[in-house]
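Take a look at the structure below.
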Amino acid sequence: MAQDQGRPSAGGRHRRLYRAAWRPQTLRRADRGRLRGRQIRLRRARRRRVRRAEPGVPSQTHEAAYRQDVTVQRRATAWQRETHLGSAPTGRGKRQQVARKTSTRVARSRVSAPSEATATDIPDTSLSKAAAQVAKKLRTDIRGATASELDALDAIKTEGNWEVGGRIVHLTNLHKLLFPEDRYSKRDLIRYYVQVAPVMIPYYKDRPLSMNPHPDGIHGKSYWVKDKPDYAPEWIPTFRYQDQKGLKDWILIEEVATLAWLANHAVIDMHPWYSRVDKPEYPDWSVVDLDPAEGATFKDVIAVAKVVKSALDHLKLKALLKTTGQSGLHVYIPVERRYTLEESRGFVATLAHMIAELMPDKVTEVWEVKRRTGKIRIDYTQNVINKTLAGPYSVRPALRAPVSTPIAWRELDDSRLRPDKWTIKTLGDRLLEVGDLFHDALTLHQRLPAL
DNA sequence: GGGGTCT
DNA sequence: AGACCCCAACGCTTC
DNA sequence: GAAGCG
Ligand SMILES: [Mn+2]
Ligand SMILES: [Mn+2]
């Protein structure tokens with residue numbers, strides 16, 4: 001809700017690194033004229049490359065390093081060259097490391113081996129049972145909280161150490177109502193995440209996480225965190241990456257205990273990157289973010305989503321659909337990791353533009369929120385490094401504690417569909433009914449056709 | 001959640 | 001000791 | 001360069 005953005009930023013340091021322009025090449029002449037007018041111009045950025053510390057060996061910290069992208073013709077200013085070499089503009093110690101510093105491996109100790117999730121360990125809730133079913137079908141060994149662990153969670157008064165998945169997580173303020181109208185506490189949020197973990201984690205594994213804590217609940221101020229805080233447990237693995245400001249260690253969700261720590265930290269929604277740590281500039285998801293403006297109805301969103309679907313059908317692209325828990329819908333196109341984020345964004349931009357021309361009464365390409373009234377924006381600008389959407393099975397900071405829930409395309413015809421149809425209370429039954437409808441997001445590797 | 005400062 | 005304040009992002013788009 | 005946006 002209220003976001004702590006708009007903080008004064010350090011003046012001239014944010015100058016563009018971007019020069020070379022990319023344009024869709026095969027547009028009709030009329031479209032080209034319009035595109036010029038709309039300034040849909042996509043820039044090829046200078047990119048930072050990353051390598052794993054030791055290929056094939058899971059490491060605590062992955063190392064990102066700048067590398068000159070010699071394929072891009074550009075004139076660099078002195079300032080840009082300086083920035084490229086990583087002169088860190090900030091004062092904190094970690095930020096001053098040179099980008100090419102070698103990575104460190106930290107032993108990840110467990111207090112005990114996580115127990116095998118045997119049938120008797122699985123809590124007798126629809127969510128835990130459904131998650132276990134799905135995980136079994138997927139043959140993943142990611143497990144959720146056991147029955148005894150959930151009992152122990154309920155036994156903690158308001159603060160205490162909780163052993164889950166072989167880790168100790170210090171939980172605090174468990175009674176704090178993050179969703180006051182629904183009377184859902186932080187304990188309820190934790191209980192959801194540690195149960196859905198086996199279904200959810202495959203979509204977050206190896207994807208750097210942006211966090212948006214809501215310490216005062218859904219009506220309070222939230223703030224963004226990308227760098228793993230110093231007070232976070234050492235056993236939470238991270239991915240080290242250099243952005244324009246400096247080196248940061250992004251949290252990676254690999255196990256149930258990390259979800260417990262995040263939820264305790266009032267991180268309500270989880271925002272994973274569209275790319276994975278071993279190839280961070282090459283996303284495996286292109287996302288189409290349908291954002292209704294004030295005055296647009298969910299029916300309108302559905303109508304636009306159907307057109308997106310038929311466009312993708314014509315292009316022979318399979319895509320996955322999910323509710324956002326707020327008012328729009330998210331479409332994920334699983335792609336082969338051969339396109340840069342610029343190319344991914346360019347594809348979605350062109351798609352958005354074509355659909356906007358097809359249904360100008362429903363779709364707007366306007367940037368300013370105030371001028372979008374009554375229409376849907378197909379937000380292609382999401383396809384950027386470091387920019388994220390709430391991922392599948394993420395809770396959203398809204399009334400009822402809605403969950404971003406995968407749905408089948410044909411469910412768009414169900415008049416009972418609502419953007420907040422599934423919540424932390426009902427997702428278990430939903431999963432028991434339909435299973436995990438987002439599977440293909442991890443297994444398909446499609447090529448994007450030229451538009 | 002943590003650090004600093006003021007009362 | 002407690003009250004209070006501040007901080008914890010970033011990259012593209014548009015004017 | 002600065003404000004808008006997510
Ligand atoms: Mn959206
Ligand atoms: Mn959006």
Side-chain angles (χ1 to χ4, degrees), chain A residues 1-19 21-22 35-48 79 83 89-92 94-95 159 169-173 176 186 208-216 221-233 241-251 261-262 264-267 269 271 273-274 281 287 289-293 324 326-328 330 340-342 344-346 348-349 352 364-372 377-390 396-397:
Chain A
M1 189 124 295
Q3 276 185 15
D4 188 11
Q5 46 201 15
R7 169 174 292 137
S9 56
R13 294 214 185 94
H14 299 248
R15 225 162 311 172
R16 296 279 170 278
L17 284 170
Y18 312 102
R19 274 288 114 82
W22 176 97
L35 277 174
R36 203 180 314 116
R38 290 164 204 274
Q39 295 159 4
I40 297 182
R41 184 186 312 130
L42 301 167
R43 284 130 179 154
R44 171 156 297 164
R46 162 184 304 220
R47 281 307 170 200
R48 308 150 205 92
W79 179 87
T83 303
T90 75
R92 290 224 266 144
K94 173 164 47 181
R95 309 291 194 279
E159 173 174 1
V169 183
H170 185 71
L171 304 181
T172 51
N173 292 315
K176 188 186 263 186
K186 214 161 74 172
L209 184 80
S210 288
M211 299 172 277
N212 188 205
H214 286 72
D216 297 314
K221 242 187 190 173
S222 72
Y223 57 96
W224 287 93
V225 181
K226 300 188 175 183
D227 204 8
K228 178 186 175 185
D230 295 334
Y231 51 80
Y241 191 79
Q242 172 112 36
D243 63 28
Q244 282 186 30
K245 284 279 192 62
L247 274 181
K248 288 178 181 57
D249 294 318
W250 269 262
I251 282 180
W261 182 82
L262 288 164
N264 181 67
H265 202 52
V267 178
D269 46 357
H271 290 248
W273 286 15
Y274 316 125
E281 349 259 280
V287 298
D289 175 24
L290 303 184
D291 287 340
T324 62
Q326 318 249 61
S327 52
H330 289 161
T340 62
L341 280 150
E342 291 76 9
S344 168
R345 185 163 74 256
V348 178
T364 175
E365 294 188 81
V366 165
W367 176 249
E368 300 84 6
V369 167
K370 284 183 177 172
R371 296 203 296 119
R372 288 182 200 168
R377 179 174 158 91
I378 303 175
D379 185 7
Y380 65 89
T381 71
Q382 285 296 339
N383 296 283
V384 166
I385 192 129
N386 224 334
K387 200 157 165 177
T388 50
L389 296 173
R396 307 309 309 283

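Treat the numbers as computed from the prediction; the structure is a model and nothing was measured. In what follows, chains carry the letters A, B, and so on, assigned in the order in which the sequence lines appear, proteins first and then strands, with residues in each chain numbered from 1.
- Proximity note for A:Glu368 (side chain, C-beta onward) versus C:dC12, D:dC5, C:dA9: the nearest is D:dC5.
- With the nearest nucleotide of DNA chain C identified for both A:Trp367 and A:Lys387, A:Lys387 has the one nearer the 5' end.
- In this structure, the CD atom of A:Gln382 is 19 Å from the P atom of C:dA9, given to the nearest Å.
- You'll find the side chain of A:Asp216 reaches within 4.5 Å of the side chain of A:Lys176, heavy atoms only.
- Ring centroids of A:Tyr231 and A:His265 are separated by less than 6.0 Å, placing the two rings close together.
- Of the candidates D:dC5, C:dT13, C:dA9, the closest approach to any side-chain atom of A:Trp224 belongs to C:dA9.
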Using the side-chain contact (heavy atoms from CB on, under 4.5 Å) rule, take A:Tyr223 and A:His214 through it: C-alpha gap first, then chi angles, then the decisive distance, then the call.
CA-CA 7 Å; A:Tyr223 57 96; A:His214 286 72; over 6 Å; no
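- Distance, A:Lys228 NZ to C:dC7 P: 24 Å, rounded to whole Å.
- We find that CD of A:Glu365 is positioned 15 Å from P of D:dG6, with the value rounded to whole Å.
- Atom CG in A:Asp379 sits about 14 Å away from atom C1' in C:dT14, given to the nearest Å.
- At distances below 3.5 Å, not a single donor-acceptor pair connects side-chain atoms of A:Lys387 with backbone N or O atoms of A:Gln382.
- Following rounding to the nearest Å, A:Tyr241 (OH) and C:dA9 (P) show an atom-to-atom distance of 17 Å.
- Each of A:Trp250 and A:Val366 was assigned the nucleotide of DNA chain C with the nearest heavy atom; the assignment lying further toward the 5' end belongs to A:Trp250.
- Judged by distance alone, with hydrogens and angles left aside, the side-chain atoms of A:Arg396 form a donor-acceptor pair with the main-chain N or O of A:Thr324 at under 3.5 Å.
- One interatomic measurement links the two molecules: NE2 of A:His214 to P of C:dA8, which rounds to 17 Å at whole-angstrom precision.
- Using atom C1' as the reference point in both D:dG4 and C:dA9, the two lie 16 Å apart (nearest Å).
- Following rounding to the nearest Å, A:His271 (NE2) and D:dC5 (P) show an atom-to-atom distance of 19 Å.
- Atom C1' of nucleotide C:dC12 and atom CZ of A:Arg345 are separated by 7 Å, given to the nearest angstrom.
- Set against C:dC15, C:dG11, D:dG6, the side chain of A:Asp291 has D:dG6 as its closest nucleotide.
- By the side chain to side chain contact (heavy atoms under 4.5 Å, CB included) test, A:Val366 is found to be paired with A:Thr364, A:Glu368, A:Arg371, A:Arg372, residues two or more places apart in sequence or in another chain being considered.
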What pairs of nitrogen or oxygen atoms, one from the protein and one from nucleotides 1-3 of chain B, lie under 3.5 Å apart?
| unit_1 | atom_1 | unit_2 | atom_2 | d |
| --- | --- | --- | --- | --- |
| B:dG1 | OP1 | A:Thr172 | OG1 | 3.2 |

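- Among the nucleotides C:dG11, D:dG6, C:dA8, the one closest to any side-chain atom of A:Ile385 is C:dG11.
- In this structure A:Asp291 satisfies the salt bridge (charged side-chain N to carboxylate O under 4.0 Å, His left out) test with no other residue, sequence neighbours excluded.
- Proximity note for A:Tyr380 (side chain, C-beta onward) versus C:dC12, C:dA9, C:dT13: the nearest is C:dT13.
- Across all strands, A:Arg372 comes closer than 4.0 Å only to sugar-phosphate atoms, never to a base (heavy-atom distances).
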